[in-house]
Undergrad: 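Dropping the structure in here first, questions after.
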Amino acid sequence: MFDPSILKRFQGLDTPFYYYDMALLDKTLNVCKSAADKYGFHVHYAFKANFDQRVLQAIQTVGFGADCVSGNEVRKAIEIGFDPEKVVFAGVGKSDKEIIEALNKNIYCFNVESVQELGVINALAAKLGKTARVAIRINPNVDAHTHHYITTGLEENKFGVNQWELKACIEELKRSENLKLIGIHFHIGSQITKLEIFRSLCVKANELSHWFEDHGFQLQILNVGGGLGVDYHNPDAAAVNDFASYFEVFDKFLERKPGQQVHFELGRALVAQCGNLISRILYVKNGLKKNFIILDAGMTELMRPALYQAYHKIENMSAGTSADKLKYDVVGPICESTDWLGKEVELPVSKRGDLVILRTAGAYGQVMASGYNLRDIVRSEYSEV
Ligand code: LLP
């Protein structure tokens, strides 16, 4: 299934590294863009999913905006060429320094996560003689039915303003001469695979946008966040998400006033499938109860299994289609028992030196890499296209 020329190229490279299929990335971006354009929807790419330079350039070229969660992401977005008018800045803990920098860069909007933050942004904007555009991130209490570590829209989560605090927000906004409320924002979680969940979000968003209108606020934008999940089990069959069905849910169920814009903040669905982690087998240990493959990549390169018990499809690229198979626990070299990448993975009988590919690793893979154990930070390689 692998192009033999790729295997040859990989054999000559030092491992581990992330390998990006740039043709697949372009295809994914174009499918998403045309599906969104059909309804006039605006997509902001969630930088946190992957901030590789070439990946970002490809995304900027398609014309998406940027959803940032740190001052460095805001700066990077503008350096790469994203229009500041298409940059939004979210996060529960924006520092004064980050807010000032974003104000100076005249970004499109701050997604504000607390009443206190409204006061801080207003005071800093006043000092700079600016007006900050803000959207209130509301915690809609909609369950995303995803891993509890990546659920964000429940009242017990730290994110956003709870509904009982909205009155206080409005009062703060009325007092704040240097803020302009332009919209409301939601993000209920990540790796959401059931479209009905987005339908529930629309129902809640409709209710809340009426509430703001009833209180005399005209909202220019409804930002429904990101969260669209990908198929980790079938990276080839489901290489590109069904963006058409996803956007259709919002077109059907999200009520819009004339001229009101709908914004999305997609991360994973845009970049997950184009990225793969390539690693080499260092050792194979055949035990009585278990066989282990010890790779030269571990939780320092791909933390998702250790942190969320996440599944990534693992294939032995060198072993071809050999019929002899064994079950292996695929682990890394880090001195931690949580340093595993796959459990009970059925693979062709494997040996030292074989190249292994971990699929669907383009989102929250390389960006979450660390230098723990004083390891090198994992680098990128790209397909030719
Ligand atoms: N907007 C906001 C406000 C967010 O917090 C996130 C992700 C997104 C958009 C993009 O969500 P996406 O479309 O990628 O689901 N490290 C975890 C995922 C953390 C997601 C954090 N927020 C993982 O590896 O699964």
Side-chain angles (χ1 to χ4, degrees), residues 18 28-29 32 36 41-51 55 59 64-70 73-74 77 87-94 109-114 117 135-140 142 144-154 157-161 183-195 197-198 201 221-232 241 243 246-247 250 262-275 277 299 301-312 341 358 360-370:
Y18 272 86
T28 308
L29 296 172
C32 178
F41 290 163
H42 299 254
V43 176
H44 291 88
Y45 166 65
F47 259 52
K48 62 180 85 66
N50 188 311
F51 43 71
V55 169
I59 295 170
F64 290 156
D67 162 38
C68 303
V69 285
S70 71
E73 284 190 358
V74 169
V87 173
V88 299
F89 185 12
V92 282
K94 303 176 190 77
C109 182
F110 291 84
N111 291 336
V112 176
E113 307 229 10
S114 66
E117 186 189 333
I136 306 292
R137 175 169 181 180
I138 307 171
N139 187 336
V142 172
H145 293 284
T146 183
H147 191 281
H148 58 285
Y149 279 13
I150 49 175
T151 289
T152 48
L154 291 175
N157 298 127
K158 69 177 175 180
F159 300 99
V161 172
I184 49 178
H185 171 234
F186 307 91
H187 174 77
I188 54 172
S190 200
Q191 185 52 17
I192 298 169
T193 49
K194 294 199 175 67
L195 291 183
I197 290 168
F198 294 112
L201 171 62
I221 55 166
L222 303 173
N223 182 337
V224 291
L228 178 61
V230 298
D231 189 342
Y232 282 92
N241 268 84
F243 291 104
Y246 170 68
F247 289 123
F250 291 91
V262 184
H263 290 198
F264 293 82
E265 298 172 342
L266 292 174
R268 190 188 314 262
L270 297 177
V271 294
Q273 298 290 14
C274 75
L277 176 61
M299 65 191 286
E301 285 69 36
L302 182 60
M303 206 206 228
R304 303 192 68 258
L307 196 54
Y308 316 113
Q309 301 79 48
Y311 172 84
H312 285 267
L341 295 168
L358 292 107
T360 321
Y364 309 107
Q366 195 173 12
V367 282
M368 290 172 74
S370 78

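Keep in mind that what you see is a predicted model, and the values were worked out from it rather than measured. We use all heavy atoms of the structure for the numbers below, so side chains are in, but hydrogens, waters and symmetry mates are not. As the structure lists them, so they are numbered: ligands from 1, and atoms in each ligand from 1.
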Undergrad: Given Gln191 and Tyr232, is the side-chain contact (heavy atoms from CB on, under 4.5 Å) satisfied, shown in steps?
TA: CA-CA 10 Å; Gln191 185 52 17; Tyr232 282 92; 3.6 Å; yes
Undergrad: Give the C-alpha distance, both sets of side-chain angles, the deciding distance and a yes or no for side-chain contact (heavy atoms from CB on, under 4.5 Å) between Leu266 and Phe243.
TA: CA-CA 11 Å; Leu266 292 174; Phe243 291 104; 4.1 Å; yes
Undergrad: Side chain or backbone of Phe159 under 4.0 Å from ligand 1, or both, or neither, by non-hydrogen atoms?
TA: neither
Undergrad: Nearest heavy-atom pair of Val43 and Cys32: which atoms, and what distance?
TA: CG2-SG, 4.4 Å
Undergrad: Could you see which bit of Glu265 sits under 4.0 Å from ligand 1, with heavy atoms only: side chain, backbone, both or neither?
TA: both
Undergrad: Hey, looking at atom 22 (N) of ligand 1, which of Arg137, Arg268, Lys48 has the closest heavy atom?
TA: Lys48
Undergrad: For Phe110, is the NZ or CZ atom of Lys94 found under 6.0 angstrom from the centre of its six-membered ring and inside 45 degrees of the ring axis?
TA: no
Undergrad: For ligand 1, which is the ligand I care about here, please tell me if His185 has any N or O atom under 3.5 Å from one of the ligand's N or O atoms.
TA: no
Undergrad: Any nitrogen or oxygen of Leu266, side chain or backbone, less than 3.5 Å from one on ligand 1?
TA: no
Undergrad: Please work out whether the ring planes of Phe41 and Phe264 are parallel, tilted or perpendicular, with thresholds of 30° and 60°.
TA: tilted
Undergrad: Heavy-atom distances under 4.0 Å are what count here, so tell me which part of Ile192 touches ligand 1: side chain, backbone, both or neither.
TA: neither
Undergrad: With a cut-off of 4.0 Å, which atoms of ligand 1 are near a heavy atom of Asp67?
TA: 1 (N), 9 (C)
Undergrad: Answer yes or no for Gly227: is there a heavy-atom contact with ligand 1 below 4.0 Å?
TA: yes
Undergrad: If the cut-off is 4.0 Å to any non-hydrogen atom of Gly267, which atoms of ligand 1 fall inside it?
TA: 12 (P), 13 (O), 14 (O)
Undergrad: Considering residues at least two apart in sequence or located in another chain, which fulfil the side chain to side chain contact (heavy atoms under 4.5 Å, CB included) criterion with Val69?
TA: Lys48, Glu73, Ala90
Undergrad: Enumerate the atoms of ligand 1 whose separation from the nearest heavy atom of Arg304 is less than 4.0 angstrom.
TA: 23 (C), 24 (O), 25 (O)
Undergrad: Begin with the C-alpha distance, continue with both residues' side-chain angles, and end with the deciding distance and a verdict on side-chain contact (heavy atoms from CB on, under 4.5 Å) for Asn241 and Tyr246.
TA: CA-CA 9 Å; Asn241 268 84; Tyr246 170 68; over 6 Å; no
Undergrad: Measure up the His42 and His263 rings against each other and bin them: parallel (under 30°), tilted (30 to 60°), perpendicular (over 60°).
TA: tilted
Undergrad: Backbone, side chain, both or neither: what part of Ala46 comes under 4.0 angstrom of ligand 1, heavy atoms only?
TA: side chain
